[in-house]
Trainee: 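Encoded as structure tokens, here's the structure I'll be asking about.
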Amino acid sequence: MFIYPSGSKLHIGHWYNYGPTDSWARFKKLQGYNVFEPMGYDAFGLPAENYAIKTGVHPQDSTLENIKDIREQLKQMGCMYDWDAELMTCVPEYYKWNQWLFLQLYKKGLAYRKNAPVNWCPSCNTVLANEQVQQDGTCERCSTEVERKNLTQWFFKITEYADELLSGLNKIDWPEKTKSMQTNWIGKSTGTEVDFEVEAIDEKVSVFTTRPDTLFGVTYMVLAPEHELVNKITSDERKEEVEKYIKSIQSLSDIERTSTVKEKTGVPTGAYAVNPINGERIPIWVADYVLASYGTGCVMAVPGHDERDFEFAKTFDLPIKKVILEPGTEEKEKLESAYTGTGMMIYSGKYTGRNSIDGKKQITDELEREELGRAKVDYKLRDWLISRQRYWGTPIPVVYCDNCGEVPVLEDQLPIELPYDVEFKPDGGSPLAKNEEFVNAKCPKCGGAAKRDVDTMDTFVDSSWYYLRFLNPKFTDGMFDTELAKNWEPVDMYVGGAEHSTMHLLYARFVHKFLRDIGLVETDEPFAKLRHQGTITNNGAKMSKSKGNVVNPNSFIEEYGSDVFRMYLMFMGPYDLGGDWSDKGIVGVDRFVQKVYQLMTERENFAKDHPSKEKYDVTELNELEKSVYQKVNQSINKYTEEVEHLRFNTAVAVLMELSNELSKSLKGCSEDLQTYALERMTVMIAPLAPHFGEECWELIGNEKLIFDEAVWFEPDRQHW
RNA sequence: GCCGGGGUGGCGGAAUUGGUAGACGCACAGGACUUAAAAUCCUGUGGGAACUUGUUCCCGUGCCGGUUCGAGUCCGGCCCUCGGUACCA
């Protein structure tokens, strides 16, 4: 994953992501693969803008300055990045293609506008990111209570790909936990949509349920407070109470609202609905535990067989009906808690006595026949909201014309450039809204006066296709070079933090599939193999500038060099777990390197003076030579296995064991066998410590660079 | 709350498939070298007990329970902790 340049310094986390990854790439290079290892900058985003609000430094200036510093530090790490392929997302040459992508999605009906709430701080007069809202629901800058405000915003229709995003997981070599998180995030559930007639307004309201077999147990219905029908159906005498309730839950987050430990709240609307299966009249309530964003924003409540409904019914003394019998009991009335399993249906009209598993299908069939419902698949996944009321991002290529309404910009007018002169101090709207020159445009359709969209895109748009742009960042004839892409896609190895599991990694898969559907890529998935690096913490806490607990790698690099520092990070523990930072053990890695260096300097030019054989027959070696020979080959075998699977900690341990053995025994071996051992040792050290590897390679008498030669030795497994 | 990880000596960790728990390293202790120190090298090092002093026994992988000839590993129930939770990226 490319780097996010939020500050000017690389911290240990960056080293932990990029050092070991480069070691893996170098290992592949030595093995003879054609390795393309690029680096770029995810340069748009909120922190640069907040920094600008605080200090007055323009986001573009601070970002470009940071990138300059970061580039120099990346070079210190000794990664074999292809610097010709470097890219950054904040330049028109790049973000032009975000806009182009937007237009393609729009053309296919996959970009659309609808209302969605944002966090609004009435005191700062601005939209806040979730991160800027404190736990108690107040603004991090001024501690004012944050409100929710509805704005018309752009969405990408990722839900159109929900099924394929799910099934595609079977085709890729990703960590099981990541696939499992995406699966749960997409949240596919098969169920039934049931229509309930609402009395008084002569309108139907649909609910989605995975348990149509419990339909006879419905005793009330709940609308999300945001549901559009709430206003319509609420009776006059209830109006005041309902409005008061809706206001009272406005500042709660979805997490708080749906918490099962929080006491249930809600109010009756005074309206009633009719259960289509038995004609029963049930009250309609409004409660915050139902979210407008999932399903239809409305649930049929079955307190006997749903835990949340049970809690709610207990709290408000609503009837609880038992309609499924737990296997192994005859008790048809009492329920200590909601029973959510299957069993025999009871008190269910003609379905009484049937198995609830069959009942599910039969009730759905009946509803379909009567046109009162239908089988339906539902997803938790929501469409991707990409509008941001901010400056530092890609302008959305749409204008609004009095005559023609919403009109996309013509492709040949791209890029819509982000103007430099803008006031980002918050005052109510998107910063771009105040730049007249930017806002006023011509309607592409009628040529009349029009206003540009003043929002910018979510930066996850930038990062959802950059891996394709790497192939040739200077390409001008399209989003990326499709000919090159044919040869290089998908990415063979993608490494980044697990925190991206459900957002970036899902968005990128979605965009890749879309690009396939418009004929730009040929594969179904962007990243064939994915691995996560863990987080390095400091005293158990995530390092961050705001906490002031960032460990600066510089002092260690000065004292031990980048190779030792990088190798120590690899030696610390399993790569995917990360761990708490401690400099306690770095001397051990340093000692190891000194020990190897000693071995090499004692045998300068051995490769020239005593060339090694390719293979040895152990029957012709003495006992000591035989054990050295075996140790060397066992080490190559183990090392290969470990590095291949990113188990760098044990790979380093293999090399330490080998160096201990060689320090003890090498003196007693024939000179050519000594060369044999040192060559192989060097080849294994080089990917982990590239500078030191080259030094050793030269010391023992080689002329060319080891990585230019791409030397690798397969182990001799014959004589174990 | 929900989803997904993690928890093993004084410390970082190893044990790849249910089969000798503690590889490798840090720290510590003793020794060699040295006038001395540093560096380096060698030896020891999970806890406890016994004695015939180099061997035996007991305990031990977050907690409680289970499966198995055998569990760090599998199953059930907890505790703690970390990541995500749709506008940090």
Side-chain angles (χ1 to χ4, degrees), chain A residues 1-6 42-50 116-119 127-133 153 158 175-187 253-262 289 293 307-308 380-390 393 455-460 462-463 496-507 532 534-535 537 540-542 544 546 568 571-574 576-592 594-595 598 638 641-642 645 647 649-660 663-664:
Chain A
M1 292 182 189
F2 63 173
I3 195 166
Y4 184 73
S6 67
D42 187 11
F44 274 141
L46 181 69
E49 192 158 337
N50 282 343
V118 293
N119 303 309
V127 173
L128 297 179
N130 289 341
E131 197 188 41
Q132 297 174 288
V133 181
Q153 308 187 70
I158 189 173
E176 280 309 317
K177 65 163 182 170
T178 313
K179 295 204 248 180
S180 154
M181 272 191 273
Q182 288 209 350
T183 301
N184 293 330
W185 184 265
I186 294 166
S253 68
D254 289 359
I255 294 172
E256 290 167 314
R257 282 173 51 173
T258 52
S259 165
T260 51
V261 292
K262 171 182 160 284
Y289 78 97
S293 52
E307 279 159 24
R308 288 160 312 166
K380 280 210 186 76
L381 182 66
R382 313 206 290 258
D383 280 335
W384 176 10
L385 194 168
I386 60 135
S387 292
R388 297 290 180 273
Q389 296 69 39
R390 285 194 254 281
D455 287 352
T456 53
M457 292 184 206
D458 179 7
T459 52
F460 277 129
D462 315 0
S463 57
E499 67 272 18
H500 293 294
S501 292
T502 50
M503 302 189 72
H504 160 59
L505 286 167
L506 198 62
Y507 295 140
H532 297 301
T535 318
T537 53
K542 202 174 171 182
S544 75
S546 53
Y568 175 57
F571 186 56
M572 270 176 56
D576 58 341
L577 290 186
D580 204 43
W581 170 253
S582 157
D583 57 10
K584 283 281 178 346
I586 194 166
V587 290
V589 176
D590 189 51
R591 280 174 201 153
F592 157 71
Q594 299 304 335
K595 192 183 277 186
Q598 181 81 21
K638 183 99 197 290
E641 195 65 18
E642 303 300 65
H645 294 101
R647 292 191 290 256
N649 53 334
T650 44
V652 173
V654 166
L655 295 184
M656 286 174 167
E657 278 188 65
L658 179 62
S659 75
N660 288 341
S663 299
K664 238 182 278 171

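Sequence lines set the chain letters: A, B, ... in the order given, protein chains first and strands last, and positions in each chain run from 1.
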Trainee: Quick one: label A:L655 by what it contacts on the DNA or RNA (base, sugar-phosphate, nothing), any heavy atom closer than 4.0 Å.
Mentor: nothing

Trainee: So which heavy atom on A:P175 is nearest to which on A:H532, and how close?
Mentor: CG-CD2, 3.8 Å

Trainee: Among B:C87, B:G4, B:C24, find the nucleotide with the atom closest to the side chain of A:Q153.
Mentor: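 Selected nucleotide (nearest to the side chain): B:C87.
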
Trainee: Both atom distances under 3.5 Å, Watson-Crick or G-U wobble: I'd like the secondary structure of RNA chain B as a dot-bracket string, with | for pairs made across strands.
Mentor: (((((((..(((......[....))).(((((.......))))).((((((..))))))..(((((..]....))))))))))))....

Trainee: Would a 4.5 Å heavy-atom cut-off, applied to side chains only, mark A:I186 and A:L506 as touching?
Mentor: yes

Trainee: May I ask you to verify whether the side chain of A:Q132 and the base of B:C88 hold a donor-acceptor pair under 3.5 Å?
Mentor: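 In this structure, the two groups form no donor-acceptor pair.
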
Trainee: Can you give one letter per nucleotide of nucleotides 76-81 of chain B, going 5' to 3': B for a protein heavy atom under 4.0 Å from the base, S for sugar-phosphate only, - for none?
Mentor: ------

Trainee: Taking the side chain of A:E641 as its heavy atoms from C-beta onward, which of B:U16, B:C88, B:U85 lies nearest to it?
Mentor: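 The listed nucleotide nearest to A:E641's side chain is B:U16.
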
Trainee: Looking across every strand, which nucleic acid part, if any, lies under 4.0 Å from A:T535 by heavy atom: base, sugar-phosphate, or nothing?
Mentor: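 The answer is nothing, as A:T535 stays clear of every strand by at least 4.0 Å.
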
Trainee: Within the 4.0 Å heavy-atom criterion, would you say A:Q594 contacts the bases, only the backbone, or no part of the nucleic acid?
Mentor: nothing

Trainee: Take atom CG of A:D576 and atom P of B:G5, then tell me their distance rounded to the nearest Å.
Mentor: 12 Å

Trainee: Have a look at A:T502 and say if it touches a base, only the backbone sugar-phosphate, or nothing, with a 4.0 Å heavy-atom cut-off.
Mentor: sugar-phosphate

Trainee: As an exercise, state the distance from CG of A:N660 to NZ of A:K595, rounded to the nearest 0.5 Å.
Mentor: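 Between atom CG of A:N660 and atom NZ of A:K595 there are 3.5 Å.
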
Trainee: What is the separation between atom CZ on A:F592 and atom P on B:G12, rounded to the nearest whole Å?
Mentor: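 Rounded to whole Å, this separation is 23 Å.
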
Trainee: What is the nucleic acid contact for A:M572, judged by heavy atoms within less than 4.0 Å: base, sugar-phosphate only, or nothing?
Mentor: sugar-phosphate

Trainee: Once you apply a heavy-atom cut-off of 4.0 Å, does A:K380 come out as touching a base, just sugar-phosphate, or nothing?
Mentor: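 Result for A:K380 = base.
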
Trainee: Describe the nucleic acid contact of A:D580 in one word from base, sugar-phosphate, nothing, applying a heavy-atom distance below 4.0 Å.
Mentor: nothing

Trainee: Please determine, for the side chain of A:R647, which listed nucleotide (B:A89, B:U16, B:C26) has the closest atom?
Mentor: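 Given the options B:A89, B:U16, B:C26, the side chain of A:R647 is closest to B:U16.
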
Trainee: Considering only the P atoms, how many Å lie between B:G7 and B:U73, rounded to the nearest integer?
Mentor: 11 Å

Trainee: Which pair of non-hydrogen atoms, one from A:M656 and one from A:G588, has the smallest distance, and what is that distance?
Mentor: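 For A:M656 and A:G588, the tightest heavy-atom pair comes out as CE-O, 4.1 Å.
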
Trainee: Identify which nucleotide among B:C87, B:G25, B:G4 has an atom closest to any side-chain atom of A:R388, counting heavy atoms from C-beta outward.
Mentor: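 Closest of the options to the side chain of A:R388: B:C87.
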
Trainee: Select one nucleotide: of B:U85, B:G83, B:U16, the one nearest the side-chain heavy atoms of A:W185.
Mentor: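 The nucleotide sitting nearest to the side chain is B:U85.
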
Trainee: For A:E499, report the nucleic acid contact type (base, sugar-phosphate, nothing); a contact means any heavy atom under 4.0 Å.
Mentor: base

Trainee: For A:I255, which contact category applies under a 4.0 Å heavy-atom criterion: base, sugar-phosphate, or nothing?
Mentor: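 Since a base atom lies under 4.0 Å of A:I255, the category is base.
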
Trainee: Please tell me if the side chains of A:D458 and A:W384 come closer than 4.5 Å, counting only heavy atoms from C-beta onward.
Mentor: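 Answer yes - side chains close enough.
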
Trainee: For a quick check of understanding: with a heavy-atom distance under 4.0 Å over all strands, which category does A:H500 fall into, base, sugar-phosphate or nothing?
Mentor: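 Contact class for A:H500: base.
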
Trainee: Using a 4.0 Å heavy-atom cut-off across all strands, classify A:R257 as base, sugar-phosphate, or nothing.
Mentor: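 The answer is nothing, as A:R257 stays clear of every strand by at least 4.0 Å.
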
Trainee: Please classify B:G9 as syn or anti, treating any glycosidic angle within 90° of 0 as syn.
Mentor: syn

Trainee: Out of curiosity, A:F2 CZ to A:D42 CG, how far, rounded to the nearest 0.5 Å?
Mentor: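 Those atoms lie 3.5 Å apart.
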
Trainee: Using a strict threshold of under 4.0 Å (side-chain N to carboxylate O), is an ion pair present between A:E176 and A:K179?
Mentor: yes

Trainee: Side chain of A:L385 only, heavy atoms from C-beta on: which candidate in B:C87, B:G1, B:U16 is closest?
Mentor: B:C87

Trainee: Under the ring pair (Phe, Tyr, Trp, His ring centres under 6.0 Å) rule, collect the residues that match up with A:Y568, sequence neighbours excluded.
Mentor: A:W581

Trainee: Would you indicate which nucleotide in B:U85, B:G25, B:A14 comes nearest to any side-chain atom of A:P574?
Mentor: B:A14

Trainee: Heavy atoms under 4.0 Å, any strand shown: does A:Y4 hit a base, just sugar-phosphate, or nothing?
Mentor: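 Sugar-phosphate only.
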
Trainee: Counting just side-chain N and O atoms, does A:R382 come under 4.0 Å of either OP1 or OP2 of B:U85?
Mentor: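 For A:R382, the contact criterion (side-chain N or O under 4.0 Å from OP1 or OP2 of B:U85) is not met.
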
Trainee: Among the candidates B:C87, B:G83, B:C26, find the nucleotide nearest to the side-chain atoms of A:K584.
Mentor: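 Nucleotide nearest to A:K584's side chain: B:C26.
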
Trainee: Give the nucleotide from the list B:A86, B:C88, B:C41 with an atom nearest to the side chain of A:E131.
Mentor: B:C88

Trainee: Heavy atoms only, 4.0 Å cut-off, all strands: where does A:S582 land among base, sugar-phosphate and nothing?
Mentor: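 The answer is nothing, as A:S582 stays clear of every strand by at least 4.0 Å.
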
Trainee: Quote, to the nearest angstrom, the P distance that separates B:G22 from B:U45.
Mentor: 12 Å

Trainee: Determine the contact category for A:F460: base if any of its heavy atoms lies under 4.0 Å from a base atom, sugar-phosphate if only primed atoms, P, OP1 or OP2 are that close, otherwise nothing.
Mentor: base

Trainee: Pick the P atom in B:G84 and in B:A14, then give their distance to the nearest Å.
Mentor: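 Each nucleotide's P atom is 23 Å from the other's.
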
